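As the structure lists them, so they are numbered: ligands from 1, and atoms in each ligand from 1. Since the structure is predicted, the reported quantities are computational estimates derived from the model, not experimental observations.
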Amino acid sequence: MKRLEGKRVLFIGGITNIGAAGVEAIIREGARVAVADINEETGRESVKPYGDAARFFPLDVTREDDVAAFVAAAAEWLGGIDGLCQNAGYLRAGPVDTFAAHEWDMVYAVNVRAQFFGVKYAVPHMKRAGKGSIVNMSSLAGKHGGPGRAAYSSAKAAVIGMGNSLASELAPFNIRVNTLCPGWIDTPFNRPAIDFIGGDGAVEDMVKATVPMGRQGTPQEVAPVYVYLLSDESSYVTSQALIIDGGSYS
Ligand SMILES: NC(=O)c1ccc[n+]([C@@H]2O[C@H](COP(=O)([O-])OP(=O)(O)OC[C@H]3O[C@@H](n4cnc5c(N)ncnc54)[C@H](O)[C@@H]3O)[C@@H](O)[C@H]2O)c1
């Protein structure tokens with residue numbers, strides 16, 4: 001028996017890097033997955049290898065009505081919802097004295113507000129089913145800040161706070177809420193932060209100095225945590241912010 005056999009999962013932001021690795025691992029363990037992302041072309045390609053186990057839904061998570069419509073369409077296709085993974089993210093870095101308000105708002109809209117919408121619309125389905133697992137994406141940046149990242153770090157800290165609150169509200173309904181906090185994972189997503197710090201060489205030096213394992217992580221090293229938190233193996237695990245960072249934070 002596979003670890004996620006029969007599970008019906010919504011995965012928002014699941015077409016590249018950490019999200020793509022998560023979707024691949026979840027499907028390998030027997031789940032069917034409704035994958036959503038704003039990048040329609042890559043999204044449609046990304047689900048092709050999975051046949052009937054995955055379907056792509058174009059979605060801009062900043063629009064509440066569109067999140068509601070995605071959750072409804074995905075639940076209809078899957079016949080219910082057992083798991084919700086929210087991995088869409090948006091990073092901008094820059095000096096505080098020139099950081100634009102519209103960038104601050106977009107960082108919060110994608111990283112925080114959208115995850116609230118996803119939970120808001122998925123939870124009624126989970127309540128009807130009498131169980132569910134929600135996995136939201138924060139970052140090690142939500143635990144401690146970094147230069148040029150006041151917007152991103154504070155948004156990711158908000159995701160942790162939101163998860164703790166939701167976990168206590170939803171525990172009586174047997175719905176678990178956990179949050180992922182990866183450290184430096186080697187994907188193009190970090191480019192704005194890398195440029196602010198001083199380029200690839202500066203980041204590699206920093207990683208060697210601050211990460212006990214001495215290297216960045218890979219998307220494939222985050223994916224198994226998604227599988228664990230969606231599975232019944234983690235049935236007593238909720239309200240956690242799980243750090244996946246090679247040991248740099250303790
Ligand atoms: N790479 C890292 O070091 C790292 C570390 C900690 C946390 N994270 C988080 O992991 C998640 C995935 O990061 P990644 O490195 O795989 O990058 P990625 O760029 O591959 O993933 C981000 C995804 O979010 C989607 N997205 C952005 N705006 C959207 C919108 N408005 N509506 C719908 N989808 C939207 C993008 O199209 C993309 O598919 C992000 O939430 C990021 O904050 C990454």
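Considering backbone and side-chain atoms together, G19 places no N or O closer than 3.5 Å to any N or O of ligand 1. The shortest N/O to N/O separation between N111 and ligand 1 does not fall below 3.5 Å. No N or O atom of V110 sits closer than 3.5 Å to an N or O atom of ligand 1. Ligand 1 has no nitrogen or oxygen under 3.5 angstrom from a nitrogen or oxygen of N39. At under 3.5 Å, a nitrogen or oxygen of K156, whether backbone or side chain, sits near a nitrogen or oxygen of ligand 1. Geometrically, ligand 1 and N17 share a nitrogen or oxygen pair separated by less than 3.5 Å.
Residue N87 approaches ligand 1 through these ligand atoms, each under 4.0 Å from one of its heavy atoms: 10 (O), 11 (C), 12 (C), 40 (C), 41 (O). The ligand atoms of ligand 1 that sit less than 4.0 angstrom from a heavy atom of L59 are 32 (N), 33 (C). Interface of Y152 with ligand 1, defined as ligand atoms under 4.0 Å from a residue heavy atom, comprises 7 (C), 8 (N), 42 (C), 43 (O). Shown in contact with G89 at under 4.0 Å from a heavy atom are these atoms of ligand 1, numbered in order with element: 22 (C), 24 (O), 27 (C), 40 (C), 41 (O). Near G183, with a cut-off below 4.0 Å to any heavy atom, the atoms of ligand 1 are 3 (O), 5 (C), 6 (C). Taking every non-hydrogen atom of F189 and a distance limit under 4.0 Å, the qualifying atoms of ligand 1 come out as 14 (P), 15 (O), 17 (O), 19 (O), 42 (C), 43 (O). The ligand atoms of ligand 1 that sit less than 4.0 angstrom from a heavy atom of I15 are 39 (O).
Residue contacts with ligand 1 for T42 are absent, since no atom lies close enough (heavy atoms, distance under 4.0 Å). The part of N190 lying near ligand 1 is the side chain, judged by heavy-atom distances below 4.0 Å. Under 4.0 angstrom from ligand 1, there are no non-hydrogen atoms of A20.
When the side chains of ILVMFWY residues are joined at heavy-atom separations under 4.5 Å, either directly or via intervening members, F173 and V177 end up in a single hydrophobic cluster. Placement of V227 and I244 within a single hydrophobic cluster is found when ILVMFWY residues are connected by side-chain heavy-atom separations under 4.5 Å, directly or transitively. W77 and I12 end up in the same hydrophobic cluster when Ile, Leu, Val, Met, Phe, Trp and Tyr side chains are linked at under 4.5 Å.
Here the two rings, on Y152 and Y90, have centers that are 6.0 Å apart or farther.
Checking Q86 against N136 by side-chain atom types alone, a donor-acceptor pair falls below 3.5 Å. Using modelled atom types, one finds no donor on one side chain facing an acceptor on the other under 3.5 Å when comparing R113 with T62.
Using a 4.0 Å cutoff on heavy atoms, S138 counts as a contact of ligand 1.
When I38, I18, D37 are checked for heavy-atom proximity to atom 29 (C) of ligand 1, I38 turns out nearest.
Considering F56, Y226, F70 as possible partners of F11, the one that fulfils the ring-ring contact (aromatic ring centres under 6.0 Å, His included) test is Y226. A salt bridge (charged side-chain N to carboxylate O under 4.0 Å, His left out) with D82 is found for exactly one of R176, K131, R32, R128, namely K131.
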Begin with the C-alpha distance, continue with both residues' side-chain angles, and end with the deciding distance and a verdict on salt bridge (charged side-chain N to carboxylate O under 4.0 Å, His left out) for D232 and K7.
-> CA-CA 10 Å; D232 298 336; K7 298 273 190 207; 2.8 Å; yes
